[in-house]
Number of protein chains: 2
Amino acid sequence: MTTSPNSVIVVIEDDPAIRQFLRTGLGTHGFKIFEAENGQRGIIEAGIRKPDFIILDLGLPDMDGVDVIKKIREWSAIPIIVLSARSNEQHKIGALDAGADDYLTKPFGLGELLARIRVAMRHSFHNPSQSQNNIFVSGALKVDLLKRQVFTNEQEVHLTPIQYRLLSVLVKNAGKVLTHQYLLKEIWGPSHKDNSHYLRIYMSQLRQKLEIEPTQPQYLLTESGIGYRLKF
Amino acid sequence: MTTSPNSVIVVIEDDPAIRQFLRTGLGTHGFKIFEAENGQRGIIEAGIRKPDFIILDLGLPDMDGVDVIKKIREWSAIPIIVLSARSNEQHKIGALDAGADDYLTKPFGLGELLARIRVAMRHSFHNPSQSQNNIFVSGALKVDLLKRQVFTNEQEVHLTPIQYRLLSVLVKNAGKVLTHQYLLKEIWGPSHKDNSHYLRIYMSQLRQKLEIEPTQPQYLLTESGIGYRLKF
DNA sequence: TAAAAAATTTACAGCATTTTTACATTAAAT
DNA sequence: ATTTAATGTAAAAATGCTGTAAATTTTTTA
């Protein structure tokens with residue numbers, strides 16, 4: 001596969017050899033990788049890098065991998081794929097029930113990992129307003145979540161990371177009103193709950209780029225006092 | 001775990017021993033099982049039983065398991081968990097990319113299978129296509145509490161935060177008479193117990209927006225001396 | 001390391017919503 | 001039928017929320 005999704009992955013793994021393997025293996029497939037070599041650091045990276053998913057080794061030096069999962073799940077639903085040397089069934093069950101989305105036993109092939117990443121991406125994109133290929137279309141606006149491409153009138157539009165992220169959250173919940181709090185938590189993480197200021201700025205930028213008449217938006221609608229929503 | 005979800009599963013598997021194993025193993029955990037011993041029959045069962053998910057053996061006598069997946073995916077997004085004796089990586093990738101949600105290599109433990117079923121359930125529960133029953137309809141009036149949208153005659157109506165809140169309280173208690181006190185407490189908080197003035201203003205605004213003949217309301221009815229109620 | 005891009009901060013104009021105020025209308029009671 | 005209490009409507013003033021541009025800092029890229 002030669003898709004270059006430009007997605008962001010946080011890898012939490014203490015073994016440098018496997019980190020190296022993932023860095024090159026996933027890197028050549030267009031992923032942007034951030035690494036952490038212990039659980040503490042991993043939780044922080046997950047918070048600040050806003051990854052599309054997380055690859056987590058259970059055997060970490062400083063804390064139990066299951067606790068890392070629980071900690072992340074306190075504020076986020078980012079897909080987590082677990083890697084582990086332990087093929088013990090109880091470990092698998094524990095990790096999956098703590099909130100992991102998949103579990104691979106070492107040794108594993110890069111091809112299988114990539115296939116399971118694609119499964120995770122399908123899941124996080126699924127929405128009734130999207131066709132089977134995870135492409136959202138409404139009027140002149142088209143968003144391809146898999147390829148990370150945005151079009152208006154068949155013309156590709158470049159978005160910055162935050163702009164794209166905001167749009168993708170709106171697309172994944174097309175039609176629904178999303179509160180300021182929810183959007184801020186999804187995009188800037190749990191610490192920026194009150195900066196609803198940011199939202200206005202990025203919303204304005206998206207309208208400039210995507211709306212025909214930015215002052216009278218067709219797609220990116222304001223619900224004053226509540227939040228925003230994408231009309232479809 | 002003691003979840004007894006009463007979910008429906010279709011098992012597509014030719015080996016009677018494994019069917020037996022799944023029937024008892026899953027049966028005791030509260031699942032309702034329907035069985036098919038070949039691909040053709042499996043596709044039909046998937047169509048008529050409307051299962052919550054499908055467990056599929058790849059090594060079927062009549063057709064390739066990957067084609068079964070593709071056939072089902074033409075019309076449905078039901079989670080499919082694949083079982084296979086083949087640990088070959090290419091097979092895994094092929095099945096996952098065809099639309100399978102997970103892949104277990106035989107032999108596998110019942111505990112792991114159950115844990116992966118719980119993961120699949122988390123995914124399909126999280127996506128809104130199933131859990132979307134909060135739509136109130138009465139005549140030309142339609143209120144979607146999940147999306148926070150209001151329609152009259154299929155025409156969307158914009159409501160301000162307080163207008164919407166008032167309407168949603170009425171919708172959640174449709175048919176019941178709600179006292180002034182109760183409504184004021186729900187919407188403005190316990191401190192504004194006596195400003196029944198506000199209610200009249202917002203009730204009037206709602207009627208202007210939602211009733212065909214605001215002076216002779218069909219839905220938003222006054223119970224003089226008591227409060228208001230929404231007819232349905 | 002310098003240049004470019006992006007994120008954050010700052011500042012201000014404009015808009016929507018809520019609340020206040022004033023007055024008209026309808027329902028209940030003697 | 002008349003009076004009184006309760007309800008409905010309209011518009012103004014006050015408040016809080018939103019949109020945009022531009023300057024500054026930070027991060028990324030070449």
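Only this structure's heavy atoms are used, side chains among them; waters, hydrogens and symmetry mates stay out.
Residue A/I187 contributes atom CD1, which lies 15 Å from atom C1' of C/dT8 at whole-angstrom precision. The distance between atom CD of A/E223 and atom C1' of C/dC15, rounded to the nearest whole Å, is 15 Å. The separation between B/L183 atom CG and D/dT7 atom P is 12 Å, rounded to whole Å. Between B/L199 atom CG and C/dT18 atom C1' there is a gap of 14 Å when expressed in whole angstrom units. Atoms CZ (A/R49) and C1' (C/dA7) sit 14 Å apart, rounded to a whole Å. As a whole-Å value, the separation of B/L221 CG from D/dG8 P is 11 Å. Note: CD (B/Q216) to C1' (C/dT25) measures 14 Å, nearest angstrom. Note: OH (A/Y202) to C1' (C/dT8) measures 7 Å, nearest angstrom.
Taking CG of A/L178 as the reference point, atom CG of A/L184 lies at 11.5 Å (rounded to 0.5 Å).
Judged by the 6.0 Å distance and 45° axis criteria, A/K142 is positioned over the aromatic ring of A/F151.
Using a 4.0 Å cut-off between a side-chain N of Lys or Arg and a carboxylate O of Asp or Glu, A/R148 and A/D52 qualify as a salt bridge. Salt-bridge check for A/R122 with B/D102: failed, with every basic side-chain N at 4.0 Å or more from each acidic carboxylate O. Note on A/R229 versus B/E156: salt bridge recorded, some NZ/NE/NH1/NH2 to OD/OE distance being below 4.0 Å. Between B/K92 and B/E89, no side-chain nitrogen of the basic residue sits less than 4.0 Å from a carboxylate oxygen of the acidic one, so the salt-bridge criterion is not met.
Using cut-offs of 30° and 60° for the angle between ring planes, the B/F136 and B/F232 rings count as tilted. Under the 30°/60° scheme for interplanar angles, the aromatic rings of B/W188 and B/Y198 are found to be tilted.
Residue B/T222 is classed as a sugar-phosphate contact, given heavy-atom separations below 4.0 Å to backbone atoms only. Residue B/S196 is classed as having no contact, given no heavy-atom separation below 4.0 Å to the nucleic acid.
Remark: A/Y228 is not in phosphate contact with D/dC17, judged by side-chain N or O atoms under 4.0 Å from OP1 or OP2. In this model, the phosphate group of C/dT26 is not approached by any side-chain N or O of B/S224 to a distance below 4.0 Å at OP1 or OP2.
Candidate nucleotides D/dT7, C/dT9, C/dT18 were compared by shortest atom distance to the side chain of A/Y198, and C/dT9 ranks first. Closest contact between the side chain of B/N195 and the listed nucleotides C/dT20, D/dT7, D/dG8 involves C/dT20. The side chain of A/R200 approaches D/dC17 more closely than any other nucleotide in the set D/dT9, C/dT19, D/dC17. For A/W188, the side-chain atoms get nearest to C/dT8 when compared with the rest of D/dG8, C/dT8, C/dT20. The B/H180 side chain lies nearest to D/dT7 when the options are D/dT7, C/dT21, D/dT28.
Residues from residues 158-173 of chain B that place a heavy atom under 4.0 Å from any atom of DNA chain D: there are none. For DNA chain C, none of the residues of residues 204-213 of chain A falls under the heavy-atom distance limit of 4.0 Å.
Shown here is B/E112, whose CD atom has more than 12 heavy atoms of other residues, nucleotides or ligands within 6.0 Å. Heavy-atom neighbours of A/K106 NZ from other residues, nucleotides or ligands within 6.0 Å: above the threshold of 12.
Taking the side chain as every heavy atom from C-beta outward, B/T222 and B/R207 approach each other to under 4.5 Å.
The C1' atoms of five pairs define one axis at each end of the helix from C/dT1-D/dA30 to C/dT30-D/dA1, and these two axes lie 40° apart (to 10°).
Between the side chains of B/Y103 and B/S84, a donor-acceptor pair is found at a separation under 3.5 Å.
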